[in-house]
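I have placed the structure first, in the form of structure tokens, so that the comments after it can refer back to it.
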Protein chains: 2
Amino acid sequence: MMDLALCVDIGGTKTAAGVVDRHGNLLEFLSVPTPSASAEAVVGEAIALAQGLLSRVERRERVVGLSLGAPGTVDFEHGIVVYTPNLPLRNVPIKTLVESELNLPTFVDNDANLAALGEAVYGAGRAAKFIVMLTLGTGIGGGVIIDRRIYRGSFGGAGELGHMFIHSVGPGQAFDLEALASGTALVKRVQEHISAGKGSLIFELSGGSIESITGEAIAKAARLGDELALSAFKETAYWLGIGFANVANIFNPEIIIVGGGMADSSELFLEEARRVMIESAISPNGEQAKLVLAKLGNRAGVLGGAALTFGCAIPHV
Amino acid sequence: MMDLALCVDIGGTKTAAGVVDRHGNLLEFLSVPTPSASAEAVVGEAIALAQGLLSRVERRERVVGLSLGAPGTVDFEHGIVVYTPNLPLRNVPIKTLVESELNLPTFVDNDANLAALGEAVYGAGRAAKFIVMLTLGTGIGGGVIIDRRIYRGSFGGAGELGHMFIHSVGPGQAFDLEALASGTALVKRVQEHISAGKGSLIFELSGGSIESITGEAIAKAARLGDELALSAFKETAYWLGIGFANVANIFNPEIIIVGGGMADSSELFLEEARRVMIESAISPNGEQAKLVLAKLGNRAGVLGGAALTFGCAIPHV
């Protein structure tokens, strides 16, 4: 019985890997730092992880295939990682490289697409047909799921919702959702205020070093009532709300799943973002889009990879 | 043989109606002013047009059904026009009203969706699988076509691309594509400059009346080299380019079809908008999205209605 999928989810800082059965049970799971020295190192680590998982599967014939997630632009059809902003992968034919080592059908996709599919099939989106997921972290990734399938567009580049422009101060100076509402943007906003002399608990929580400020420290300060931290989250919530309004107007989804590291601080921005979305979107699109938190955490990409593998290798089960 | 569709396309100012055969031939076509006094008047005119067309069909049994387009939010499933910004239709169960008069299966959709489907099936998008259409006129409408089907989202409200926010100067002051790049925005921009004392041919071409300025007059002045007219079109092109970049990043379409009244002046903005799109979208999404002009003009909604009727009434032909 072919009922297992091997899944490797290459992230900008960590690579997760696992073995998943048809019911979405994670039989093995591990997470290691992503090597960043070269494309060879990244691909080598992915192959080593897959081989390690395969060696722990009792009967190899149970394995349907292998999924690979990569944090960037992927040519799904040909299994090529075209470009990754935070890793040295450029036009890497990773499907071919991995298949020649492992002799398993291999499917390669964008990591946010896989996370969205994982949440849609096994997590927060199980009952919904039209789903948009946003992963809020260092960057902002997007995934669009229609009827339990990833919407990829013509050439695999669709769903780049972090790169949706929502503000511009003129030619050449347009800002996308990621530039305004990511964890990186949150930290930068706070750093600017503290550099300009604004007092805040955040500074103490970061050991008196502006460079050491993290999203976690800002969240901690906000929970203690720090004014700068609260206003930085409020601004983040505003831009997220505008982004959600666009998603509601464009896709009219049943649910918008919010995941990524920032989702751990959702109590600091999600209600305000929802208010801005409903106020800004055309009615009733805003009211119809339920904002829900992701359920699968750092396993979403691995589980989505399994859903992709089962769906692609045996599409009509 | 059931091979004809009756189609009524209710617009903000004009209502078009026609009889279309399975090959997309328009056997009858007419366009009349849309009555705006009341919902009853709008619905009554639509029914009268449909009855007129039906009386001219030689064998009634050839008619598969009737389509209705409305310029606003439509509940496709129940055939209800929920809201139209420029007409007095509010929660009008137009499908039921029309079916009780004509005894024909009736399908109701947003007018921009129908125009997009018409272009996809019979016009500029025939060869493409993933299509986004923008109708640029008084407002900006959007339609998303995947595999010759309208993408409606969960409750029929998807594809509202004119309501995608691309600029904000703070809470409560977000501007959407329509507010920045429609014909109305173009006219308003010029009116403001002329009110502020800026000299321009446009003023003379409009009989010395700021209120009389039209998009056509601005286009005429631009073709004669008028500086204000050219700069107003350049600004329109910038915002359109940002909107196109968002469409490319979100949908990765093969083609973006540009229609509506402003498409008649496309030589004044489309190349610049394309340049901004390619410069702003992530690569290669921007390069992959071909900008093409609509081919069907004011017949797109009627032809799209026919495609919808044939597709819904006999889905597997």
Side-chain angles (χ1 to χ4, degrees), chain A residues 72-73 75 82-83 85 128-132 142 144 146 151-172 174-176 180 234-235 238-239 241-243 245-255 276 279-289, chain B residues 72-73 75 82-83 85 128-132 142 144 146 151-172 174-177 180 234-235 238-239 241-243 245-255 276 279-286 288-289:
Chain A
T73 311
D75 174 343
V82 177
Y83 174 77
K129 186 169 176 184
F130 298 97
I131 297 169
V132 174
V144 178
I146 303 173
Y151 175 77
R152 292 190 184 84
S154 307
F155 307 96
E160 290 286 356
L161 302 173
H163 295 296
M164 175 169 66
F165 295 104
I166 55 173
H167 182 56
S168 171
V169 291
F175 298 96
D176 60 21
L180 293 163
K234 186 158 187 192
E235 196 175 336
Y238 171 70
W239 292 115
I242 294 292
N246 280 358
V247 166
N249 283 342
I250 293 168
F251 289 106
N252 188 209
E254 282 160 88
I255 61 170
V276 173
E279 181 182 278
S280 308
I282 59 169
S283 182
N285 285 22
E287 293 86 346
Q288 286 169 342
Chain B
T73 311
D75 175 342
V82 178
Y83 175 76
K129 187 169 174 184
F130 298 97
I131 297 169
V132 174
V144 178
I146 303 174
Y151 174 78
R152 293 190 184 84
S154 306
F155 307 97
E160 289 285 356
L161 302 172
H163 296 296
M164 175 169 67
F165 295 103
I166 56 174
H167 182 57
S168 172
V169 291
F175 298 96
D176 60 21
L177 184 63
L180 293 162
K234 188 162 186 191
E235 196 176 335
Y238 171 71
W239 292 115
I242 294 292
N246 280 358
V247 166
N249 284 341
I250 293 168
F251 289 105
N252 189 206
E254 284 160 88
I255 61 169
V276 172
E279 180 183 279
S280 308
I282 59 168
S283 182
N285 285 24
Q288 286 169 343

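Note: hydrogens, waters and symmetry copies are ignored here, and every other heavy atom, side chains too, is used. The sequence lines fix the lettering, A, B, ..., with proteins before strands; numbering per chain opens at 1.
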Relative to chain A, which of Gly162(B), Ala128(B), Ser280(B) shows the most heavy atom pairs under 4.5 Å?
-> Ser280(B)

Mind checking the CD1-OH spacing from Ile250(B) to Tyr151(A)? Nearest 0.5 Å is all I need.
-> 10.5 Å

For Ala174(B), is it the side chain, the backbone, both or neither that has a heavy atom under 4.5 Å from a heavy atom of chain A?
-> both

Pick whichever of Gly170(A), Ala289(A), Gly156(A) has the most heavy-atom pairs under 4.5 Å with chain B.
-> Gly170(A)

Do Thr73(B) and Pro284(A) come close enough that some side-chain heavy atom pair is under 4.5 Å?
-> yes

Max heavy-atom pair count under 4.5 Å with chain B, selected residue of Asn246(A), Asn252(A), Ile146(A) = Asn252(A)

Under 4.5 Å, counting heavy-atom pairs only, tell me which of Glu235(B), Lys129(B), Gln288(B) racks up the most with chain A.
-> Gln288(B)

Could you tell me the separation between the CD atom of Glu160(B) and the CZ atom of Phe251(A), rounded to the nearest 0.5 Å?
-> 13.5 Å

Ring centroid separation for Phe130(B) and Phe155(A), is it under 6.0 angstrom?
-> no

Under 4.5 Å to a heavy atom of chain A? For Asn285(B) that would be side chain

Rounded to the nearest 0.5 Å, the CD1 atom of Ile242(B) sits from the CD1 atom of Ile166(A) at a distance of 12.5 Å

Given that the side chain runs from C-beta out, which part of Tyr238(B) has a heavy atom under 4.5 Å from chain A: side chain, backbone, both or neither?
-> side chain

Interatomic distance, His163(B) atom NE2 to Ile282(A) atom CD1 [nearest 0.5 angstrom] | 5.0 Å

For Ser154(B) and Pro253(A) the tightest heavy-atom approach is OG-C, 3.2 Å

